[in-house]
Amino acid sequence: MLNTPNFTLAEFMTVVPAAVLIVGAIVLMLSEVFLSTANRTYMAVVGLVASAVAGLFALNNAFEPARLVLQGFAVLDPFSSFMTVMVCLGTGLACLLASGFLKHRNAERGEFYALMLFAAAGMSLLAASNEFITLFINLEVLSVATYALTAFLRRGPRPAEAGFKYFILGAFAAALLLYGAALLYGATGTTRLSDLATALPGAMATRSGLVYAGFGLVLAGFAFKVAAVPFHMWTPDVYEGAPTPVTALMSVGVKAAAFVALVRTFLALTHGLDPQVPFALFSLLALLTMVAGNLLAMPQRNVKRMLAYSSIAHAGYLLLGVTALFVPPSAKAGDAGGVLAATPLLAAGAVNASVYKGILFYLLGYTVTSIGAFGTLAAIERREDETRGNTWDLERLSGLAQRQPGWAAAMAAFMLSLAGVPPTVGFLGKLFLFSAAVDAGLIWLAVVGVLSSVAGTYYYLRVVVYMFMRPAPADAPAPFRHWTTEVALVASAIATVALGIVPGPVAEWLSRAGMVFGN
Amino acid sequence: MNAELVLFWLFAVGTIGSAVGVIFVRNPVASAMSLVASFFFLAGIYVLLWAHTIAVLQVLVYAGAIMVLFLFVIMLLSLTDTGPIAHVSPSRIAGALATAGLLVALVMAFRKLPSSDTVSWASDAGQLATFGTIKQLGAVLYTQWLFPFEAVSLLLLVAIVGAVVVAKARV
């Protein structure tokens, strides 16, 4: 009588990377209990190995044909698999960064790495989720892990404040998302995204109010997670208060996973709606996020806050890519003026493939660059500074080129990449993304994006100026050196420059990302 | 007026009455106890809706576990019952207006519902015999909803580890 599901072994491939990460996390938790060695550097290595193995499994999945698995609750497609690869890359590097950072503070514990791996598992599962309840649960897995990581170090009031703020606002945003999903369930009778896509046109005819309310609430919930303006208020405080390696993981992993889930959700939710509505909403979000992120970053003297605002601006560029997916097919060239005018130059299918590639390559570039930038900050940041108010002031970077020429060169590469200057990966990412947006017809929005990123160059280059052209202060503290930190910084610096010069094979792989399930 | 309707009014009035008590009783412990009563009446409404499992979970989880936590917090903080219950401030007026708006919206939504129930005790007894039982819930949960169910186990593990990390002595 029981309707027993008939799983094939191949269906579980989509959860294998997450399973590897979870096993790694459990090993780390148990080793904290049973191995009482004082030197805990091996924990970072365990975290790195688990991330690397999971990343290899995900890379293998990326070359599988896109399909629905596990009774339609998850998908196995190149888009989510490549995202998992990037999350694993970011997690591995963040584990290495955390090792030196925590050792310096006598706070290295197995739980820290375990929570990082749990967060990565949540991200990987979130990217593969194809059903609202699953999506919500996996979003909570990654959120709960990052809430705890944010409050991991409690020195002074700032980490506790950041953790609490993140928790309260994150729970509120999750509730919005859940409420929106409930309304959509009320309108259509299903929570599976692929069924929603078929049921929505019918529901729009009878209960359009419910559908629009659900759509708006789900969008607001996601906008909070990707830190889009006007849902960005929490970002600077949380990014500043969290331990710097955790900030690095948040800025790359949480954001990347939320973007993939957002794209997948709205590919389904836009069925049956007036195409102008999602297009206008996403255009507005992208416009506000790009412009406000860059303008707010400009006056910041605190480099960590500046990078937090910069991550908002980068979310704006990615939203520009997302907007390109929702350009209405019937938009006429002369019909709408101004920023929202859409004049597609290519057929929609060809454009979408290049947009997916652009989004993924941009995320990859942002992953290695942002990990490197926050990592350099984490390496310079001294424990003694924690009682002072200006831990991350620009002054702390003065004369870094004389004190630590290698680190200063790496940080300069990261700043140039964030600004989008060739020959770095940040330039190529922006090139792919903006050219895809122009192909989709978003010429004015792309122009705004380019202009705002030019404005952003100001605050990125200011960091370079301080490092290379200001004398070092007399009381500049010697940095705490640890081989794990240096490995992570060297790896991300090489990736930042190498991917900018020879993107070849990687960009080729990411072209497969156009095979998104349900597209 | 049949038995179902009598029970419904009993539970509905009980739920709302004890919920009002939560707000207007001055003593925090009495307020928490009033919330327990509200949860019990709500469980009765779930039974009337054929959601037996939800009713049992309501009593076990909310009236049991969560209320014990509430009482712990009240006792640990040793809250006293001083201070006025109602004082008018702009945010309260805004809150009251928002609540009134929500009430109006809900009333309008419920007025649009079909007037008669589509299932009844008498005619659909066969269908209702298994609806909402533990057995049927388990069958759906462990077959159809297997993947989210397993994801919840991961969520609980992460929540436990996270809670311990946040609550431990400072590192």
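All values below come from the heavy atoms of this structure, side chains included, with hydrogens, waters and symmetry mates left out. Lettering follows sequence order; numbering is per chain, from 1.
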K.L.:
Surrounding OH of B/Y62 (heavy atoms of other residues, nucleotides or ligands, distance under 6.0 Å), is the total greater than 12?
P.N.:
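It does not: B/Y62 OH has 12 such atoms or fewer within range.
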K.L.:
Roughly how far, to the nearest 0.5 Å, is CD1 of A/I22 from CG of B/L157?
P.N.:
8.0 Å
K.L.:
If you look at every heavy atom in A/F73 and B/Q144, which pair is closest and at what distance?
P.N.:
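Closest approach of A/F73 to B/Q144: CE1-O, 2.9 Å.
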K.L.:
Relative to chain B, which segment of A/E108 carries a heavy atom at a distance below 4.5 Å: side chain, backbone, both, or neither?
P.N.:
neither
K.L.:
Restricting to non-hydrogen atoms, name the atom on B/P148 and the atom on A/I133 that form the minimum distance, rounded to 0.1 Å.
P.N.:
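Heavy-atom minimum between the residues: CB-CG2, 4.5 Å.
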K.L.:
Heavy-atom count check: over 12 atoms from other residues, nucleotides or ligands less than 6.0 Å from B/F39 CZ?
P.N.:
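Check passes, neighbour count above 12.
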K.L.:
Would you say the side chain of B/F147 lies within less than 4.5 Å of the side chain of A/L125, judging by non-hydrogen atoms?
P.N.:
yes
K.L.:
Testing the basics here: between B/V166 and A/A151, what is the closest heavy-atom pair and its distance to 0.1 Å?
P.N.:
CG2-CB, 4.4 Å
K.L.:
At a 4.5 Å cut-off on heavy atoms, which part of A/T14 comes close to chain B: side chain, backbone, both, or neither?
P.N.:
neither
K.L.:
At a heavy-atom separation under 4.5 Å, does B/L156 approach chain A through its side chain, its backbone, both, or neither?
P.N.:
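B/L156 has no heavy atom closer than 4.5 Å to chain A.
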K.L.:
Which atom pair, heavy atoms only, marks the closest approach of A/A148 to B/G162?
P.N.:
CB-CA, 3.5 Å
K.L.:
How far apart are the closest heavy atoms of A/N138 and B/A151, and which atoms are they?
P.N.:
OD1-CB, 3.7 Å
K.L.:
Measure the CG-CG distance between A/L21 and B/L154 for me, rounded to the nearest 0.5 Å.
P.N.:
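Here the rounded value is 10.5 Å.
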K.L.:
Could you go through the side-chain contact (heavy atoms from CB on, under 4.5 Å) check for A/M29 and B/V161 one step at a time?
P.N.:
CA-CA 9 Å; A/M29 283 197 297; B/V161 176; 3.5 Å; yes
